[in-house]
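To start, the structure under review is shown below, and the notes come after it.
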Amino acid sequence: MTQEPTNETEYIVEESKETFSTWIDRPYIPNELKTQLFKANVLIVPREGFREHSEPVFPTGTEELLNFLRDNMDKGIVPDICSTDQDYREFALHDTWIIIGSFIVTSIVAPIIVDLISEYIKKRWTSKENHTNIKVELTVVEKDGHASRLLYEGSANDFNKSVKPTLKSLADKNVDTQPIVGTQPKKEISR
Amino acid sequence: MTLEDVKNYLRDVSQNFNSRDSEPAKQCLAVLKQEAVAAGDQQAAKTIWCFEEIIEIQDKYIATFFQLKTEEFYDAWCTLERVEIELLSLTRHFQDVTNEFQISFIARQTSRYQSVFPYKLFMSPEIIKIEKTCSICKKVISIRNPCGHRVGEIYNGEMCSRIVTESELIGMSIVKDPMQKYSVPFILNSKGDGKKDYYNYSIIKYLIHRLESPFHEWDVTWTKNRHPHSRFSYVGRNDLCPCESGKKYKKCCLLEEGVLRPHCQFTFKVKPPDHLLTVEYID
């Protein structure tokens, strides 16, 4: 199989049925962990059905990112991860597209998370900053339970300025659930 | 040797590269680091780690130059990759803004050397990491109860990393721009017991032949130039054009003064001998 990264940025905003509850109620989350996960306002969620792998997996570097978020809890975030220690697995694809991960966040902390992800990338890939391509998936859950999925694939430098206006729209309740920015859907990368 | 002697040794890299022995400097730093750690001075230990990294980067960059001179191209490529990885680790903690230790220069030139290699596709392993340990405390990584050591940070003068102790290989991809560049595909030789290096290294041979020092700066620009038709006399009028446009030769470059081909132009800060300032055509 081939991976064909392009220089094109793809940014999709769409309605989502996923919320904190739908993730915390997954069968692989034991009951004793559910209470703790419900306290979070930022949840890192796994990729399910990755290749032939039956168990949920997280992109390589998730541990470092979660620790970075934990170091920034004074900014009002309460991060957690949808996994037990025993089940935690990372996948590594080893191309230069950096898969940051998938997150469920409340609309209140969403702008903070976007800033922190940008800061994390800058800190971790200082010398490659200008040509780092990232993939981030954010599901933003509003107070009324309405959720929007923001899928960003493109330059790390443009991530913040691409996503922030959407978050503002969501906060203003003027969100259009159709894709608002983006290119023609590109072929899914074979993974 | 004192720390100041080590710094002087590192500052003089562009002069001492040809007769370099880094062992005394390494031994000096090892002793100083031991003392810093014993005194609980984490900042001093981290500073010493930075100088250890600078030695590694300088040594490997110089080694690359000599590997290219002796036409050990794949080895040189792998050494350059180590330089790139160590630069990434160092620059989190140390910025050589004045190029005192040639780190900015090496970073710039490393990327330029990589750009003139013929390797364009790479194998890329895909793995599931099942268990990792911390290089500092040796504990198995717990995602819910972290050991507290952060990857890339320096503890007791050592950089923290994760060691994958259990993993599963799930696939192999072919990529153009891999995270790590070691996995260059080669074909088997006719006996089937070793690799055959079929890559065309003409461009890098041209370059390295004209450099006398790894610290002589050069740059490269890629354009397209018309090459004389006499070089393509083996191509028939009705064959495909050697410019790879997909058109017939007679309907493409044969109508022009030459065949449009990629052109690589080097600029040298230190002028090579006149007899080496030549144009070479490479197939």
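Proteins come first, then strands; the chains are lettered A, B, ... in the order of their sequence lines, and each starts at number 1.
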Measure the CD1-CZ distance between B:Ile127 and A:Phe91 for me, rounded to the nearest 0.5 Å. 12.0 Å
For the candidates B:Glu131, B:Arg150, B:Arg162, which exhibits the highest count of non-hydrogen atom pairs separated by less than 4.5 Å from chain A? B:Arg150
Applying a criterion of heavy atom separation less than 4.5 Å, what residues of residues 132-149 of chain B form contacts with chain A? B:Lys132, B:Ile141, B:Ser142, B:Ile143, B:Arg144, B:Asn145, B:Pro146
Those residues of residues 51-65 of chain B that come under 4.5 Å of chain A on a heavy-atom basis, listed by number, are none
B:Ser173 side chain vs A:Leu93 backbone, donor-acceptor pair below 3.5 Å: no
Please state whether the side chain, the backbone, both or neither of B:Glu168 comes within less than 4.5 Å of a heavy atom of chain A. side chain
Kindly check if the number of other-residue, nucleotide or ligand heavy atoms within 6.0 Å of NZ (B:Lys269) is above 12? no
Heavy-atom contact with chain B under 4.5 Å, split by part of A:Glu64: side chain
For residues 67-81 of chain A, give me every residue with a non-hydrogen atom less than 4.5 Å from any non-hydrogen atom of chain B. A:Asn67, A:Arg70, A:Asp71, A:Asp80, A:Ile81
Decide yes or no for A:Trp97 and B:Asp177: does some side-chain heavy atom of the first lie under 4.5 Å from some side-chain heavy atom of the second? no
Between A:Thr60 and B:Lys129, is there a side-chain heavy-atom distance shorter than 4.5 Å? yes
What are the residues of residues 33-41 of chain A, in order of number, with any heavy atom under 4.5 angstrom from a heavy atom of chain B? A:Leu33, A:Gln36, A:Leu37
